[in-house]
Trainee: 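First, the structure itself, so that you have it in front of you.
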Amino acid sequence: MLKKSMTERQLKIRQQAFALSVCTIVFMIVYNLCTWHATSLENLPSFTFDFERSIPFIPLSIIPYMASGVFFCLVFFSCKGGHQLKILTWRMLFVTVVAGLFFITFPLQFSLTKPEVSNTILNLPFSFLQTFDSPFNQSPSLHITFAFIFWSVFKDLTKWRTFLLIWLILLGFSTLTTYQHHVIDILTGAILAHISFIIIPYRKKDPKHRNCHLANYYFLSGWIFIAAGLLFHQYFGTEGLLFLFPALFTMIIGYLYQKNVSVVFPFVLTVKQNIRQSGEN
């Protein structure tokens, strides 16, 4: 029995390692191909909102930013079963390829001047980024897209769940405070993540996950409203910020639907069972 258990565990680790290898290879091919394409172009455009010049440069935020690589590896070995691993793999491959198509079709580059980092230790990861992470491949931000996908797995963990959530939030902010991405990259990254959740759902036919699947439509609408509001504000004035009201409304509805997965649905099941028993009696 113990031998069988060890064999199943070894098989699971092999499957996780294989999925990680495939996603890593695809990411490296797509990312480097898009970088090569961007470097062959002249006068690449960039897109910034006016308020972005007020975003501070925080060298210390390079720590959560660089943690994305650790999470990229960790998330595959955090899957509880083969189905979750399969969904994670397809989502990672989907967003990588779609983002690559956008990098080639609508190439952008980061436009703000990054200050010098005086701290010797913190300067090392920034030097690494300057060498291996180009200022291209901006929108959508795969750091943001991956962060959402990471959380779709990490949220099911019993240990370190809160710590990982906080770290992923810091990772999201760090894309701005390390001067690696613009706000439009963050918004499009979030939109792409939720599109992947809708196109590649987790246990869509399972009633317990039906509300969670529906919540993703509201979250997607919320991110689109936020992007629309900021864009209209940029070009047409403060009236564009009115889009933030439906954004907040749809985000709240999405959150409530997501919470109802574990709260409302069992109650509905109980009511249905009582009605059925009453009919039989």
Side-chain angles (χ1 to χ4, degrees), residues 12-41 44 62-79 82-110 125-154 164 167-168 170-172 174-176 178-182 184-200 202:
K12 179 182 178 182
I13 294 175
R14 289 178 183 177
Q15 291 173 339
Q16 292 168 327
F18 177 76
L20 170 60
S21 300
V22 171
C23 290
T24 301
I25 292 171
V26 172
F27 170 77
M28 291 179 65
I29 292 174
V30 171
Y31 195 87
N32 288 311
L33 179 63
C34 294
T35 300
W36 172 81
H37 172 72
T39 54
S40 66
L41 303 176
L44 276 180
I62 191 64
I63 297 176
Y65 182 85
M66 296 297 289
S68 180
V70 177
F71 291 150
F72 190 101
C73 300
L74 180 63
V75 69
F76 288 92
F77 297 95
S78 299
C79 293
H83 181 69
Q84 190 176 46
L85 178 63
K86 178 183 176 181
I87 295 299
L88 169 67
T89 304
W90 279 115
R91 285 175 176 175
M92 295 288 282
L93 292 174
F94 172 78
V95 299
T96 300
V97 172
V98 172
L101 293 175
F102 273 90
F103 295 156
I104 292 176
T105 308
F106 306 103
L108 295 173
Q109 65 176 334
F110 191 80
F126 278 104
S127 299
F128 175 85
L129 287 179
Q130 187 175 0
T131 304
F132 296 100
D133 192 6
S134 64
F136 313 116
N137 301 342
Q138 291 288 298
S139 182
S141 166
L142 279 177
H143 261 74
I144 296 299
T145 306
F146 286 160
F148 277 101
I149 296 178
F150 296 159
W151 178 242
S152 71
V153 175
F154 291 155
L164 291 170
W167 204 263
L168 286 173
L170 292 175
L171 189 158
S174 72
T175 58
L176 297 174
T178 54
Y179 281 18
Q180 287 293 119
H181 281 282
H182 290 300
I184 193 66
D185 311 335
I186 312 305
L187 297 174
T188 51
I191 289 172
L192 177 57
H194 285 88
I195 289 176
S196 75
F197 296 155
I198 293 171
I199 293 179
I200 310 172
Y202 180 67

Trainee: Tell me the closest heavy-atom pair linking Leu171 and Ala67, and the distance in Å.
Mentor: CD1-C, 4.5 Å
Trainee: Check residues 89-106 and write down every donor-acceptor pair under 3.5 Å in which the side-chain atom is one partner and the other belongs to a residue at least two apart or another chain.
Mentor:
from   : atom 1 : to     : atom 2 : distance (Å)
Thr89  : OG1    : Leu85  : O      : 2.8
Arg91  : NE     : Ile200 : O      : 2.9
Arg91  : NH2    : Ile200 : O      : 3.0
Thr96  : OG1    : Met92  : O      : 2.7
Thr105 : OG1    : Leu101 : O      : 2.7

Trainee: Minimum heavy-atom separation for Leu88 and Cys79, please, with both atom names.
Mentor: CD2-SG, 3.5 Å
Trainee: Restricting to non-hydrogen atoms, name the atom on Gln84 and the atom on Ser152 that form the minimum distance, rounded to 0.1 Å.
Mentor: NE2-O, 4.1 Å
Trainee: For residues Thr188 and Ser139, is any side-chain donor paired with an opposing acceptor at under 3.5 Å?
Mentor: yes
Trainee: With side-chain contact (heavy atoms from CB on, under 4.5 Å) as the criterion, how do Phe197 and Ile149 come out once you've worked through the C-alpha distance, each side chain's angles and the decisive distance to 0.1 Å?
Mentor: CA-CA 8 Å; Phe197 296 155; Ile149 296 178; 4.0 Å; yes
Trainee: OG of Ser78 to CD of Gln16: how many Å apart, nearest 0.5 Å?
Mentor: 8.0 Å
Trainee: Mark yes or no for whether Thr145, through its side chain, and Gly189, through its backbone, hold a donor-acceptor pair below 3.5 Å.
Mentor: yes
Trainee: Are the side chains of Phe148 and Leu192 in touch, meaning some heavy atoms are under 4.5 Å apart?
Mentor: no
Trainee: For a side-chain contact (heavy atoms from CB on, under 4.5 Å) check, start with the C-alpha distance between Cys34 and Phe136, then their side-chain angles and the critical distance, and finish with the verdict.
Mentor: CA-CA 8 Å; Cys34 294; Phe136 313 116; over 6 Å; no
Trainee: If you compare all heavy atoms of Pro107 against all heavy atoms of Leu41, which two are closest, and at what distance to 0.1 Å?
Mentor: CG-CD1, 3.7 Å
Trainee: As an exercise, state the distance from NE2 of His182 to CD of Gln109, rounded to the nearest 0.5 Å.
Mentor: 8.5 Å
Trainee: Between Phe150 and Phe71, how do the two ring planes meet: parallel, tilted or perpendicular, split at 30° and 60°?
Mentor: perpendicular
Trainee: What donor-acceptor contacts under 3.5 angstrom involve side-chain atoms of residues 18-29, with partners at least two apart or in another chain?
Mentor:
from  : atom 1 : to    : atom 2 : distance (Å)
Ser21 : OG     : Ala17 : O      : 2.8
Thr24 : OG1    : Leu20 : O      : 2.7

Trainee: Would a 4.5 Å heavy-atom cut-off, applied to side chains only, mark Tyr65 and Leu129 as touching?
Mentor: yes
Trainee: Keeping the roles fixed (side chain from Gln138, backbone from Gln180), state whether a donor-acceptor pair exists under 3.5 Å.
Mentor: yes
Trainee: In Å, rounded to the nearest 0.5 Å, how long is the span from OH of Tyr202 to NZ of Lys86?
Mentor: 12.5 Å
Trainee: Is the distance from the ring center of Phe110 to that of His181 below 6.0 Å?
Mentor: no
Trainee: So do Ile186 and Thr175 actually touch side chain to side chain, heavy atoms under 4.5 Å?
Mentor: yes
Trainee: Tell me, please, which residues at least two apart from His37 pass ring pair (Phe, Tyr, Trp, His ring centres under 6.0 Å).
Mentor: none
